[in-house]
Colleague: 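This is the structure I have questions about; it appears just below.
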Amino acid sequence: MNRRPSMLLAAYGAWSQAIVLFFLDPLKQQVSDAVQPEATVGEIRLLGLSLEGFAVLDLHHVQGWLPQVVFLLVSSLLTYRVFRGSTGIRPRFGTVLALGGAALLAAGVAMLIGPALDPDASTAVPTYGEWLVRAQIGEVPGAAAQFALLTLWLQVALWLVVWRYRDWRPLRAFLGIEEDTDSRAARHDTRDGHEKRGRLSDSVRERRRLLCAGLIPAVLLAVAGGPVLRHNRVRHLSQGAPGSPDASVTFDPDLWENYRPPATVEEWSGVLYPALRLRPLRTELLGGWIATLAVCAVFLLVLAVALRTLARRAAEVRRWRPAALVDLVMKGWYATVLAAVVAAFVDGRLMRWFAPRGGSGAAAEHLGVALGDAVRFGAAWGWATGLAFLGGVLLMMRRAEASAASHPDEREEQPVDGE
């Protein structure tokens, strides 16, 4: 997609999100005043997600509006890049997924900088328990992620409208759609000097190696998050037998067997989401352990499917431009965020029945906490997946170039143009 429609779609998304963030709360107050004095407009929720939890409520303190501004800036830049990297004006499912990953990544960045702006915060990276405390004192858990998911359709709707009326001549002239294909081809022809030549092998073995390279950081991070206790299916020492209803009350260090993860794991527990442990913890019941493993398996499975798709498309590219290599890292980052969010939706339902988090709360609260964990994890560590996948691609390219140099006759028969 050329520059003009990309800028239009990204700017429209940021503008519409800014209207909701900055004007939703004043609009609710005006509606309440216009009705009866004692009437109030309740919280706006769609599909169990909160639309106003991330809205700007205080313009007099920087922590009340700066995370929202950061979200708008990061989201607009990332979505512009996604639109620029798409092939043509036609909406595609993969591009819509990339837009969702970009919006959720921006939400994760906004969530991570929020505690750093709080003067009362003890650390810039709160632990998992501190995030739960913030949710218990009134903060909507995962508010930025919920807002990003609910407002994703705004850009997609305008994109569909542009595609629907693409044959209207004034619209084509304004957006420069007629020059889209020719200009992209011209840019490809003039940038040969900046491109990395060397087509990856399209064999199943090479794609499997790329897949394993991208999964290594995710598996290591899941193992690192294994010692984190994220639910209250723990064993009571003085009351009830393991598995009884008395053994699933809220964890209390004064009444239960103390469990503390290692100091380093506890310090980074706020950005460690999927937990992979090969056996239950010392205080953990079997049901909670199985539920935790199921959530981690969903995360790794979804991430593997996304990386497999990236590996298949990478094998089709004959020339690699520097911008394409950067896009590959970002796609791995988006894949990590999206896989964690999918696991969070499973977590929000599965953990509620088999391994509840903290006290007994509503289903929306469980889902919000899981979404917050997933988006923070993806934003903090998704770059590792992208870099690992990029490293695998570069290694395969070197092998392909070495193989082509050792067989010059076969290289002459292979096409070098195209993408």
Side-chain angles (χ1 to χ4, degrees), residues 10-35 37 39-79 99-100 102-121 126 131-158 337 341 344 348 361-376 379:
Y12 170 77
W15 173 75
S16 57
Q17 289 173 338
I19 289 179
V20 177
L21 288 175
F22 285 89
F23 296 102
L24 180 60
D25 188 66
L27 180 61
K28 286 182 58 178
Q29 293 180 0
Q30 292 181 3
V31 172
S32 299
D33 296 339
V35 197
T40 57
V41 180
E43 183 181 7
I44 301 176
R45 284 187 170 270
L46 298 173
L47 303 176
L49 302 177
S50 174
L51 180 64
E52 59 181 297
F54 192 54
V56 175
L57 301 178
D58 187 5
L59 292 174
H60 301 288
H61 298 85
V62 65
Q63 63 267 23
W65 56 266
L66 186 57
Q68 288 81 357
V69 173
V70 171
F71 167 77
L72 293 174
L73 291 177
V74 176
S75 178
S76 59
L77 291 176
L78 294 180
T79 52
L99 289 175
L104 290 170
L105 176 56
V109 173
M111 292 173 61
L112 290 175
I113 70 167
L117 300 173
D118 189 357
D120 299 330
W131 283 107
L132 284 181
V133 171
R134 295 168 68 97
Q136 292 171 356
I137 63 177
E139 181 178 311
V140 178
Q146 298 185 44
F147 178 81
L149 289 174
L150 289 177
T151 56
L152 175 62
W153 65 272
L154 296 172
Q155 292 172 322
V156 177
L158 181 60
V337 177
V341 168
E365 180 182 350
H366 285 266
L367 180 59
V369 172
L371 279 176
D373 295 344
V375 173
R376 290 195 307 270

Colleague: Would you name the heavy atoms of A144 and M111 that are closest together and state the gap between them?
Modeller: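 For A144 versus M111, the nearest heavy atoms are CB-CG, 3.7 Å.
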Colleague: Atom CG of L149 and atom CG of L371: how far apart are they, to the nearest 0.5 Å?
Modeller: 6.5 Å
Colleague: Can you give me the closest heavy-atom contact between A106 and S75, atom names plus distance?
Modeller: CB-N, 3.5 Å
Colleague: Not counting sequence neighbours, which residues clear side chain to side chain donor-acceptor pair (under 3.5 Å) with Q17? List them please.
Modeller: T151
Colleague: Partners of W15 by side chain to side chain contact (heavy atoms under 4.5 Å, CB included), sequence neighbours excluded?
Modeller: Y12, I19
Colleague: Roughly how far, to the nearest 0.5 Å, is CD of Q155 from OG1 of T79?
Modeller: 4.5 Å
Colleague: Could you pull out all residues at least two apart from A148 that satisfy side chain to side chain contact (heavy atoms under 4.5 Å, CB included)?
Modeller: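 Only F71, A103, L104, A107 meet the side chain to side chain contact (heavy atoms under 4.5 Å, CB included) criterion with A148.
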Colleague: Could I get the full list of side chain to side chain contact (heavy atoms under 4.5 Å, CB included) partners for V70, not counting sequence neighbours?
Modeller: L66, V74, V109, I113
Colleague: State which residues pass side chain to side chain contact (heavy atoms under 4.5 Å, CB included) with L150; sequence neighbours excluded, sorted by chain then number.
Modeller: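 Side chain to side chain contact (heavy atoms under 4.5 Å, CB included) check on L150 returns L46, L49, L51.
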Colleague: Heavy atoms only: give me the nearest P67-A110 pair and the separation to one decimal.
Modeller: O-CB, 3.4 Å
Colleague: Got L21 and F147 here, is their nearest side-chain heavy-atom distance under 4.5 Å?
Modeller: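 Yes; the side chains approach each other to less than 4.5 Å.
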Colleague: Would you mind reporting whether V56 and V69 have side-chain heavy atoms less than 4.5 Å apart?
Modeller: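 No, every pair of side-chain atoms sits at 4.5 Å or beyond.
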Colleague: Could you tell me which non-hydrogen atom of V375 sits nearest to which non-hydrogen atom of A145, and how far apart they are?
Modeller: CG2-CB, 3.4 Å
Colleague: Do F54 and Q68 have side-chain heavy atoms sitting under 4.5 Å apart?
Modeller: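 Heavy-atom side-chain distance check passes, below 4.5 Å.
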Colleague: Does any N or O in the side chain of S16 come within less than 3.5 Å of the main-chain N or O of G13, such that one atom is a donor and the other an acceptor?
Modeller: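 Flag set: sc S16 to bb G13 pair under 3.5 Å.
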